[in-house]
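The structure presented is a predicted model; accordingly, all values stated were derived computationally and were not measured. First the proteins, then the strands, lettered A, B, ... as listed; each starts at 1.
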There are 4 protein chains.
Amino acid sequence: MHADQDGPVRRWERRSEIPLFAASLLFLAVYAVRVLVHGLPAGWRNACLVVIVVLWSLFAADYLVRWRLTGRWLGFVRTHWLDTLVLLMPLLRPLRMVRVYTAMQSRRDQPRLSLHARVITYAGLTSVLLGFAGALAVYQQEHAAPGATIRTFGDAVWWVCSTLTTVGYGDVAPVTWGGRTIAVGLMAGGLALLGAVTGSFSSWLVQAFRREDENDEDAAGPAAG
Amino acid sequence: MHADQDGPVRRWERRSEIPLFAASLLFLAVYAVRVLVHGLPAGWRNACLVVIVVLWSLFAADYLVRWRLTGRWLGFVRTHWLDTLVLLMPLLRPLRMVRVYTAMQSRRDQPRLSLHARVITYAGLTSVLLGFAGALAVYQQEHAAPGATIRTFGDAVWWVCSTLTTVGYGDVAPVTWGGRTIAVGLMAGGLALLGAVTGSFSSWLVQAFRREDENDEDAAGPAAG
Amino acid sequence: MHADQDGPVRRWERRSEIPLFAASLLFLAVYAVRVLVHGLPAGWRNACLVVIVVLWSLFAADYLVRWRLTGRWLGFVRTHWLDTLVLLMPLLRPLRMVRVYTAMQSRRDQPRLSLHARVITYAGLTSVLLGFAGALAVYQQEHAAPGATIRTFGDAVWWVCSTLTTVGYGDVAPVTWGGRTIAVGLMAGGLALLGAVTGSFSSWLVQAFRREDENDEDAAGPAAG
Amino acid sequence: MHADQDGPVRRWERRSEIPLFAASLLFLAVYAVRVLVHGLPAGWRNACLVVIVVLWSLFAADYLVRWRLTGRWLGFVRTHWLDTLVLLMPLLRPLRMVRVYTAMQSRRDQPRLSLHARVITYAGLTSVLLGFAGALAVYQQEHAAPGATIRTFGDAVWWVCSTLTTVGYGDVAPVTWGGRTIAVGLMAGGLALLGAVTGSFSSWLVQAFRREDENDEDAAGPAAG
């Protein structure tokens, strides 16, 4: 994904990644407060809006800095299409978590998790964050619509769970066009991620059984000798 | 898929592919206008029909030319069953997109996308086009049926999304036999394609994590030395 | 699956496989006539029943012959559990199709399909036959039940399609315990088979794109030389 | 999963595994009796409760012994997070079945099943036990709730089947928050396991077809010589 391996872009990314991730979690939290807390006084509501705007400006600044450092123009938008998308829809920021994960891993000098465990952790966490953001956005669109079945935030969370697992009971489902558009985006993003979780778990299980075979053969070897 | 690698068939295909793809997009567009625009004057409706018939004759002509060039008879129908199917149901033409993609790739002397990225792009685009064609056809069958839940084109698109992701809420579902037949065809075609998207994304993610491991080892090597 | 490779069991299986497969298709057809044709005179109904019993005796005889030839007792039931299951529930006979397929392939001296194409063909055909048998059995259980949503055979087929693809709209669903038990069996058998179809299609697509790469490199090689 | 391969922990685990698995099956059975048998006299109800508490103490004692033997503190909780989870929610104990399976396999000096067959057996059995525990827990939460669609244990089992296969008809679905929470846990645990079953079946099928190719080539070899 990076054309430049050790240049200034890379250095900037390594330094800005964790602060920006903290900012995006804060973004999600403030957005959640604004959407979920109903009796919020007007002053607090405005404060939330200000924080949201400030944080978004931060994301935009980071995007511009990286654009500048790369020295390319339209090519940057194309190769960094995920960053562009995330800038336009900040609720999708969890999708960029892979970099934070990498950055945190390379700081701590810990033994790494196995390959499959890391894919499961990353894809699982990302889909949980994406699902939370999706539940917030759908709740905001739906809760006051006429004929809506998603009336509480709990309904929205239940709907996200039944959607991302592709179970789809249909007891709650979005009815507004805004809610349905968000739903389609959530499906597109979340299903691929959860497919990666399931696939990696399956591979890990097969690997665990295979390793067990080899252990048994090792154990059997000396005993027979 | 090709018994003949460099013969006249291959040359014909290389030249005709992109014009034919443009024709099939036009076909889809004209069909969409005819189905979706309700107050269309009779003159325009007939014009649409004429364009549809002309385009279909073009597809039939291409099929006949290729049949001739191959010099085989029934064997051609069997080995080119996808082309035969696509000729009979022109809305399925997007399924032939793989050739257009190949043709465009070999013209532009660009560096290629990685294997998984290409599978995702191809299977994703194909299922989007197939889903659009399916939504049009189901809308045409259902929108005036008594007891139908798919009443607007928006409903049809929402239904296609919830079907192709296998979520299947059931809030909207086809009720006529025509609509259900199209639905089964759409499932058969689309699910395999989307399975390919999910599977490739999963492989790509595992590969990205593995590559990262190797980069870290390379970086650690000289530092330790 | 076979402990014995060339003994008399193998010879028996090779000879009896295709007649037995024809018998099982006939079984399915006669069962379908009995279930689907409503105004059937009593004489014809009884004739159908006789044919069903005779065919089932044939299956039982084949099972006993093979048991005898193997010369084992309970071990046979365990290693041939699929045959035992199929004997008890003859509608599941399509699951044994793999042997017929093998038998037919080894008779015709034709070039084989590729590995993935064969898995898709086998698993696809098996799940179509299994789905048809399941639709018949569910229709028989449900069509007269109070509060049933599966009222016609068309409904049953539509239900099987939406179940095997895991879409599950829920507009039609079994309500009797008999129908639900058959549904669970159908899910258990059919989903694994369709998963194999989707997985193989995905692998085949990746392989097709990889082969194309290699062709391009071969073509580029001499041109550059 | 084990940091220590042959120490006292390992010996303890090898000896305690099968008694503990028997205890966990008993736990499930007694819990089932308490939930499902409605006219149970108060004396029996209390006896069930006592058995449940005693068995859970046994699980807690095993956890403490292993914690002690390991000689680590918080590290134990982290590396054995599955054991910790299973201690807190004893209905999830089937998830630990992999060890029992291993223990039983290494006692009997039988030829092993193939790798894929073992993954299918393990993941299939685990999800059946998990599904049964989930059906019990959901039934307990839902059966008396106002507006519930899961009214009998049969409904709960049908719901579990349609959920774990991701079909999700929606004719029965949990309506209480307790029931929905259990449902989400069941999805998270069960779908990954069933994905492993489907994936392994698919791999096994491809392998079976490949082996058949090789057998044919072997058979063709001497015949041609």
Quiz item: Applying a criterion of heavy atom separation less than 4.5 Å, what residues of residues 145-161 of chain B form contacts with chain A?
Solution: B:Thr152, B:Gly154, B:Asp155, B:Trp158, B:Cys161
Quiz item: Taking atom CD1 of A:Ile120 and atom CG of A:Leu194, what is their separation to the nearest 0.5 Å?
Solution: 11.5 Å
Quiz item: Under a 4.5 Å heavy-atom cut-off, does chain B meet the side chain of A:Ala123, its backbone, both or neither?
Solution: side chain
Practice problem: Measure up the A:Tyr63 and A:Phe76 rings against each other and bin them: parallel (under 30°), tilted (30 to 60°), perpendicular (over 60°). | Solution: perpendicular
Practice problem: May I ask you to check whether A:Thr163 and B:Tyr169 show a side-chain donor-acceptor distance below 3.5 Å? | Solution: yes
Exercise. Considering non-hydrogen atoms only, spot the tightest contact between B:Ala133 and B:Leu28 and give its length.
Key: CB-CD1, 3.8 Å
Self-check item: Shortest non-hydrogen separation from A:Tyr31 to A:Leu136 and the atoms involved
Solution: CD2-CD1, 3.7 Å
Self-check item: Candidates B:Leu193, B:Leu186, B:Val128 - the one meeting side-chain contact (heavy atoms from CB on, under 4.5 Å) with B:Leu164
Solution: B:Leu186
